[in-house]
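To keep things clear, I will list the structure first and then write my remarks on it.
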Amino acid sequence: MTAKLHVSSHPLVREKLTRLRDERTPPTAFRDLVDQIATLVLYEATADLALADAEIRTPLAPYEGARLKEAVGLVPVLRAGIGMVEAALDLLPEAQVWHIGLFRDERTLRPIEYYNKLPSEATAQVCLVLDPMLATGGSATATVDVLKKWGAKRVKYVGIIAAPEGVATLSKAHPDVPIHVAALDDHLNEKGYIVPGLGDAGDRQFGTG
Ligand code: PRP
Ligand code: URA
């Protein structure tokens with residue numbers, strides 16, 4: 001498995017993930033858990049962001065502090081990635097959000113792009129792709145393809161559950177892209193669903209399906 005794969009070992013992540021996976025968890029609680037798990041995985045995924053010195057004054061004294069040096073772009077993959085945006089913006093309030101719309105063709109499992117809201121120029125030094133599920137890896141690979149063609153230099157994938165197949169596909173196509181997830185599951189079933197997984201992340205967040 002790739003050296004760029006980071007699977008959280010935080011006990012809170014494991015506990016929240018158990019509730020997220022539970023088939024009895026309704027959409028309201030599911031969305032809340034996606035938000036909380038995304039916060040924890042993003043905290044780990046942003047640990048190497050560069051800082052620039054920033055001098056300020058507290059009410060008592062001068063203080064040599066720090067601000068983020070590089071602009072960060074958030075790239076949620078519709079639909080399921082939407083649920084991770086709020087958490088990312090809470091941590092990175094100045095980030096821009098660029099939506100990419102992809103869905104998997106149910107028969108071929110290949111991603112079909114239907115929406116792209118990237119600005120004309122790559123204006124962020126770091127792009128965080130947000131999508132809870134890395135299954136075959138087709139959607140994540142297609143998203144990173146689009147970002148790199150557009151001019152993105154540094155891309156990270158931030159998700160919740162990955163299958164080994166998806167990790168292998170994404171890291172083969174884009175070995176420079178670190179993968180940060182809450183869990184690495186066992187395998188994909190014949191319909192391309194992650195097992196044990198959580199089912200369809202979009203349907204469970206939005207009460208469809
Ligand atoms: C899900 C998920 C990923 C994709 C992962 O989206 O959010 O984007 O599947 O599968 P892959 O790794 O095999 O490409 P889906 O196609 O179900 O669309 P939706 O979020 O609109 O329901
Ligand atoms: N997309 C999902 O939402 N769930 C899976 O298990 C695989 C792809």
Side-chain angles (χ1 to χ4, degrees), residues 1-2 4-5 7 16-23 25-27 29-31 33-35 37-38 41-42 45 74-88 97-118 127-148 155-175 177-209:
M1 203 53 69
T2 168
K4 291 209 176 245
L5 173 67
V7 183
K16 288 175 193 301
L17 199 46
T18 304
R19 288 193 280 143
L20 187 77
R21 291 179 191 273
D22 192 328
E23 62 183 0
T25 300
F30 191 93
R31 288 193 294 271
L33 287 162
V34 166
D35 178 77
I37 295 166
V41 178
L42 279 158
L74 306 174
V75 187
V77 180
L78 307 179
R79 289 177 298 165
I82 292 173
M84 299 175 68
V85 173
E86 207 61 39
V97 184
W98 304 313
H99 298 83
I100 300 264
L102 292 174
F103 69 89
R104 291 199 309 179
D105 179 291
E106 277 182 19
R107 199 176 45 82
T108 64
L109 297 182
R110 295 299 307 152
I112 315 271
E113 186 177 339
Y114 62 89
Y115 191 74
N116 178 330
K117 199 66 183 167
L118 291 171
C127 290
L128 303 181
V129 174
L130 307 176
D131 190 338
M133 308 304 275
L134 183 64
T136 65
S139 304
T141 302
T143 303
V144 180
D145 287 345
V146 168
L147 290 174
K148 285 192 176 168
V155 181
K156 292 174 181 234
Y157 172 91
V158 185
I160 293 184
I161 301 182
E165 295 89 332
V167 172
T169 300
L170 178 58
S171 24
K172 184 160 181 239
H174 297 290
V177 172
I179 299 170
H180 292 265
V181 286
L184 177 66
D185 273 11
D186 195 59
H187 66 280
L188 294 180
N189 70 10
E190 63 295 345
K191 290 189 170 162
Y193 276 86
I194 301 175
V195 181
L198 50 72
D200 187 302
D203 283 347
R204 292 200 62 188
Q205 281 184 77
F206 300 115
T208 52

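This chain uses plain numbering: 1 for the first residue, then up along the sequence. Everything numeric here is computed off the predicted structure, so don't read it as measured data. Note that ligands are numbered from 1 as they come in the structure, with each ligand's atoms numbered from 1 the same way.
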query: Could you walk me through whether I179 and K4 pass the side chain to side chain contact (heavy atoms under 4.5 Å, CB included) check?
result: CA-CA 6 Å; I179 299 170; K4 291 209 176 245; 5.9 Å; no

Problem set entry | Sub-4.5 Å side-chain heavy-atom contact between V195 and D186 | no

Ligand 2 to A201, heavy atom cutoff 4.0 Å, flagged ligand atoms 2 (C), 3 (O)

**Q.** Proximity flag G192 to ligand 2, non-hydrogen atoms under 4.0 Å
**A.** yes

Note to self: With heavy-atom distances below 4.5 Å as the criterion, would you say the side chains of S171 and L5 are in contact?
What the structure shows: no

message = Assess, by modelled atom type and distance only, whether the side chains of R79 and T208 contain a donor and an acceptor separated by less than 3.5 Å.
response = yes

Identify all N/O pairs between ligand 1 and the protein with a separation under 3.5 Å and present them as a table of atom names and distances.
from: ligand 1; atom 1: 7 (O); to: D131; atom 2: OD1; distance (Å): 2.8
from: ligand 1; atom 1: 8 (O); to: D131; atom 2: OD2; distance (Å): 2.5
from: ligand 1; atom 1: 12 (O); to: A135; atom 2: N; distance (Å): 2.9
from: ligand 1; atom 1: 12 (O); to: T136; atom 2: N; distance (Å): 3.1
from: ligand 1; atom 1: 12 (O); to: G137; atom 2: N; distance (Å): 2.8
from: ligand 1; atom 1: 13 (O); to: R104; atom 2: NH1; distance (Å): 2.7
from: ligand 1; atom 1: 13 (O); to: T136; atom 2: N; distance (Å): 2.9
from: ligand 1; atom 1: 13 (O); to: T136; atom 2: OG1; distance (Å): 2.5
from: ligand 1; atom 1: 14 (O); to: S139; atom 2: N; distance (Å): 2.9
from: ligand 1; atom 1: 14 (O); to: S139; atom 2: OG; distance (Å): 2.6
from: ligand 1; atom 1: 16 (O); to: R104; atom 2: N; distance (Å): 2.9
from: ligand 1; atom 1: 20 (O); to: R79; atom 2: N; distance (Å): 3.1
from: ligand 1; atom 1: 20 (O); to: A80; atom 2: N; distance (Å): 3.2
from: ligand 1; atom 1: 21 (O); to: R79; atom 2: N; distance (Å): 3.2
from: ligand 1; atom 1: 21 (O); to: R79; atom 2: NE; distance (Å): 3.2
from: ligand 1; atom 1: 22 (O); to: R79; atom 2: NE; distance (Å): 3.3
from: ligand 1; atom 1: 22 (O); to: R79; atom 2: NH2; distance (Å): 2.9

TODO: Answer yes or no for R204: is there a heavy-atom contact with ligand 2 below 4.0 Å?
DONE: no

The atoms of ligand 2 lying under 4.0 Å from a heavy atom of I194, numbered in the order shown, are 5 (C), 6 (O)

protein heavy-atom neighbour closest to atom 1 (N) of ligand 2 works out as M133 CB, 4.0 Å

Exercise for the section: Would you indicate whether the side-chain heavy atoms of R204 and T25 approach each other to under 4.5 Å? Expected result: yes

d(I161 CD1, D185 CG) to nearest 0.5 Å is 5.0 Å

Output for pair (T136 OG1, I194 CD1), nearest 0.5 Å, gives 9.0 Å

A student comparing A135, G199, G138 should find that the heavy atom closest to atom 7 (C) of ligand 2 comes from A135

among protein heavy atoms, the one nearest atom 5 (C) of ligand 2 is Y193 CD2, 3.4 Å

With H174 as partner, the option from D145, T143, T141 fulfilling side-chain hydrogen bond (donor to acceptor under 3.5 Å, both in side chains) is D145

Q: Answer whether the closest heavy-atom distance between the side chains of L147 and L118 falls below 4.5 Å.
A: yes

